[in-house]
Each structure stands twice: as structure tokens, then as C-alpha cells.
Amino acid sequence: MADQKVIVIGGGASGLMAAITAASAGAKVTILEHNDRMGKKLAATGNGKGNLTNLSFRPSEMYRGGDLSFVETAFAHFAVEDTISFFQSLGIYMQNKNGYLYPRSGQAKTIVNTLTAKAASLKIKQKTNEHVEAVYFDDLNKLWNVKTKTWRYEADAVILANGSKASMIAGADGTGYQIADELGLKIVKPLPALCSLKCKGMDFKQWAGVRTEGTVSLYVDDKYVCSDRGELQLTDYGISGIPVFQISRFAVRALNQKKQVSVKIDFLPDISREQFEKQWTELSENLPYKSKAECLEGYLPDKLSKFLSGQKNLISAVKEMKLTVVGDSGFEKAQVCSGGVAVSEIDPNTMEAKKYKHLYLVGELLDVDGICGGYNLQWAWTSGYLAGKNASLHK
């Protein structure tokens, strides 16, 4: 029996993993990449340091999407320990930073170089600058066809690893959604996630550039949704930083539903409101020669102290500053998307589309998004592995 021919559309994290897994199982694999080289977005992950995965792994808490049981089923086949073993087998050893795993080189490009080198060793054809225009099944020849601007490829199986619309990297254009839609697969509207939030209600230019520890809590129609704590980045349009990224998915989707969205910021999360109020009263009495801003500098950066000291109710401004959220920073500045191809369309054990044999969908193209910390790359490794393994099989 002839080798199984597999085409992978997209040379990012999930696509490279799928291609390597399929080729390792004996398939003849071709990767079609829209950009001029493989792994462009992957090379920028983790601020260029490549946060491969995370040892703290509870899928029900780390992932969002249409059906969390879907990701739990997938991870039962290929989890964090499998990712570690896979990369160690390719010569990449991990550095553990509080559970966040990075290549010891500290460079994300190490991951890209390692994967493309492995692909080359497996005789995987890596074709760049190939823009896919259509994917369809030829009933007469019983083969999948992939049409690009310059060629038409045939294969026994196709893996869609096009990624999402998130990223400033060229090629993050949502082509995968279009292909899936043309194939009749249900799409959950893609929206930016892990992104900054635009707000109104303050002259934000006064605090722009400040970084400070804090807790940000999200409210939709005045009902508490979630919160996160860490280093906040205050901008001239609103708020950013990892804690904001973690709650942004829910804020953006609520805004899309025309709901009222707001956040409350606690700039002193280690001190209760009552404690701070008592301390502030004592400071005001004991240090009469200091201005409000100067007193606040014992707690917060000077620029932020000056800004907060000018608010009508200083205690409330410090402990529960309320801002109205009006938008996000867009797909270009988002790390991932929420939404995508509905997971109800996919078999979680194989990543095969339920409507089509030998068609697989992986990575960010699906309605699965993780929080910051290597979880989205772990999803890429897991879904890519499952698709590659099963696409290589004769059925």
C-alpha cells in the first residue's frame, strides 16, 4: 500500500507538530505556509523566549471555549509530560520558571529551528509563500484537493492548521475560518482574546506608562464575572498587562453582545479597604507636611500617586477604581482569539471533522483558547499530535 499523502495547511506550532507526527509514522507530508518562512508567530511567543508549556495544568481552569470536556479528552492522549519528552528527544531541554517551561536557550526561535530541522530530516516538503484558496474533496478520485494561487495539490488527508486572526504577523488573516465555513463547518464568531482593554471615565494620559501590582475584576451588566492579579500596565487608552489579558476574553465577548462591561481595580490588593482607610487617616494626621500624592508614594509609583490623589474619593480610587470598558486593542495586538470552528464539529480523540473523513483541524483555528502561560502552545502540541497521528493512518 502506498504511503499516505498528507497536506498540512499552516506552518505554525500546531502545523509543524502535526507534520512531524504524521511523517514519523510514515506519511508523505507537505506543509503549505502563507508566510516566507515557517513558525513566524511561534518565534515571537513568550516575548521571544518561547513559553512551551506549563507544569501547572488543570484544563478546566486554564482553558475556555464551547466545551471543556473536549480539551480534557484530547489532553488525555497527549499532555504536558508528552510535550516535555517530545522536545527533549529533539534536543531541547526546559528551564522551569515557577512552572512556566522555556527552552534553556531562552529563545523561541530555538523551537522553530528545532522543528523545521526535524521536518527536513523526515523529508517533509516545506513550501512557503503558498496562499491556499480552496480545499475540497474529489469524489471521483477519492482525494482531497488543495488549491493555491499557483498549484493544485492532492492528498489522502488534509490538516487545517491555519491559526487565528490574532497577531501582527502577516498571514493571520482568518483564511482557515473561510475554508471551514465553505466546507459547512459551524464557526463561533472569532474575537480578540489575551488583549488590552480600552476604557473611558478618566484622563488616562496622566497615568500612561505606569506598571504596578494590582487586581482587576470584571463586571458584566454589574454582575461579577472574574478577576486576576499581577502586574498591571496603565496606558493612555485604558489598561493592559497579564491580569487584563486573562479577563479580556469575557469582556470582549460581552461587548460583542452589547452588554455593559466594567472593571474595578484594586491597586493595593494586600491591604483591605478598612486597613488602608485606617492607615491613611494616621498618615494624614502624623505627616501634615506631606501632600496626598506624597503620602501615596509610600504605596504606589509617584505618577500613579499623583493621579489618584486628584480623585474625588481617594480611598475608593485606590481600592476599587471603576472604569467602563468600551473596546479592545484589536486582532493585531491580541495573543489569541476566542471562538473559531465549533468543537462540536470535531472528534476530540483524533481532531478529525465529524462531517468529513481525513479532514483534521487543529490549534487556534478551533474554539479553544487558553490563559497566558504556555497553555495555547500546549493546545497546539496536543491537537497537532493527534491530527498528525491519525492523518497518517490508512482508513
Side-chain angles (χ1 to χ4, degrees), residues 7-10 12-15 18 34 59-60 62-77 132-139 144-147 155 157-167 171-195 248-259 328 331 334 336-370 375-376 379-380 382-384 386-388 390-391 395:
I7 288 178
V8 179
I9 303 175
S14 61
H34 180 79
S60 62
M62 312 309 188
Y63 292 89
R64 293 85 177 261
D67 182 3
L68 290 178
S69 65
F70 177 88
V71 294
E72 289 176 336
T73 298
F75 286 131
H77 297 285
V132 174
E133 296 182 333
V135 176
Y136 57 93
F137 188 72
D138 180 351
D139 287 310
W144 281 97
N145 281 233
V146 178
K147 184 179 179 297
V158 170
I159 300 173
L160 300 184
N162 311 63
S164 71
K165 292 177 71 174
S167 178
D173 55 6
T175 300
Y177 305 136
Q178 180 183 338
I179 292 171
D181 183 60
E182 290 172 351
L183 289 168
L185 302 179
K186 180 182 176 183
I187 308 290
V188 178
K189 184 177 181 178
L191 293 170
L194 300 187
C195 61
S248 61
R249 177 202 209 275
F250 304 105
V252 175
R253 299 206 77 84
L255 285 172
N256 185 66
Q257 296 167 3
K258 309 300 182 185
K259 295 181 178 180
D328 59 78
F331 287 110
V336 296
C337 284
S338 67
V341 177
V343 295
S344 59
E345 300 275 9
I346 309 298
D347 182 343
N349 295 288
T350 62
M351 297 296 124
E352 187 175 34
K354 294 177 180 178
K355 291 181 180 178
Y356 298 98
K357 288 185 177 181
H358 315 301
L359 177 69
Y360 302 83
L361 291 86
V362 298
E364 287 186 43
L365 186 57
L366 297 173
D367 181 23
V368 175
D369 56 291
Y375 298 104
N376 289 293
W379 173 242
T382 294
S383 58
L386 287 175
N390 288 281
K395 298 180 182 179

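Annotation: side chain to side chain donor-acceptor pair (under 3.5 Å) contacts of Arg253 (sequence neighbours excluded): Ser338. Considering only residues two or more places apart in sequence or on other chains, Ser69 meets the side chain to side chain donor-acceptor pair (under 3.5 Å) condition with Asp67. In this structure Phe75 satisfies the ring-ring contact (aromatic ring centres under 6.0 Å, His included) test together with Phe57, Tyr63, Trp379, sequence neighbours excluded.
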Notebook entry, point to check: After noting the C-alpha distance and the side-chain angles of Ser60 and Glu72, does the key distance pass the side-chain contact (heavy atoms from CB on, under 4.5 Å) rule?
Noted result: CA-CA 8 Å; Ser60 62; Glu72 289 176 336; 3.7 Å; yes

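Residues Met351 and Phe70 approach most closely at CE-CZ, 3.8 Å, considering heavy atoms. Nearest approach of Pro59 to Val71, heavy atoms of both residues: CB-CG2, 4.4 Å. Taking every heavy atom of both residues into account, Ile7 and Ala155 meet most closely at CG1-CB, 3.7 Å. The two residues Cys195 and Val252 have their closest heavy-atom pair at SG-CG2, 4.0 Å. Heavy atoms only, all atoms of each residue included: Lys357 and Trp144 are closest at O-NE1, 3.1 Å. Here the closest heavy-atom approach between residue Ala161 and residue Val8 is recorded as CB-CG1, 4.3 Å.
Under a cut-off of 6.0 angstrom, the local environment of NZ in Lys186 is sparse, with at most 12 non-hydrogen atoms contributed by other residues, nucleotides or ligands. Counting non-hydrogen atoms of other residues, nucleotides and ligands closer than 6.0 Å to NZ of Lys355 gives a total above 12.
Looking at Ile159 and Ile9, their side chains never come closer than 4.5 Å, going by heavy atoms from C-beta outward. At a threshold of 4.5 Å between non-hydrogen side-chain atoms, the residues Leu386 and Asn349 do not count as touching. You'll find the side chain of His34 stays beyond 4.5 Å of the side chain of Thr175, heavy atoms only. Taking the side chain as every heavy atom from C-beta outward, Leu361 and Leu185 approach each other to under 4.5 Å. Counting only heavy atoms from C-beta outward, the side chains of Lys189 and Asn256 approach each other to under 4.5 Å.
Interatomic distance, OH of Tyr360 versus CD1 of Ile346, reported as 11.0 Å (0.5 Å rounding). Interatomic distance, Leu191 CG to Lys165 NZ, rounded to the nearest 0.5 Å: 9.0 Å. Atom CD1 of Ile179 sits about 10.0 Å away from atom CD of Glu133, to the nearest 0.5 Å. Note that OG of Ser14 is 10.0 Å distant from CG of Leu160, once rounded to the nearest 0.5 Å. Once rounded to the nearest 0.5 Å, the distance linking CG of Asn390 with CD of Glu352 reads 7.5 Å.
A donor-acceptor pair under 3.5 Å links the side-chain atoms of Ser248 to the main chain of Leu194, judged by distance alone. The backbone N or O of Leu183 lies less than 3.5 Å from a partner atom in the side chain of Tyr356, making a donor-acceptor pair. Under a 3.5 Å cut-off, the side chain of Lys354 and the backbone N or O of Ser344 do form a donor-acceptor pair. At distances below 3.5 Å, at least one donor-acceptor pair connects side-chain atoms of Ser383 with backbone N or O atoms of Gly363. A distance-only check finds no donor-acceptor pair linking the side chain of Asn162 to the backbone of Gly10 [under 3.5 Å].
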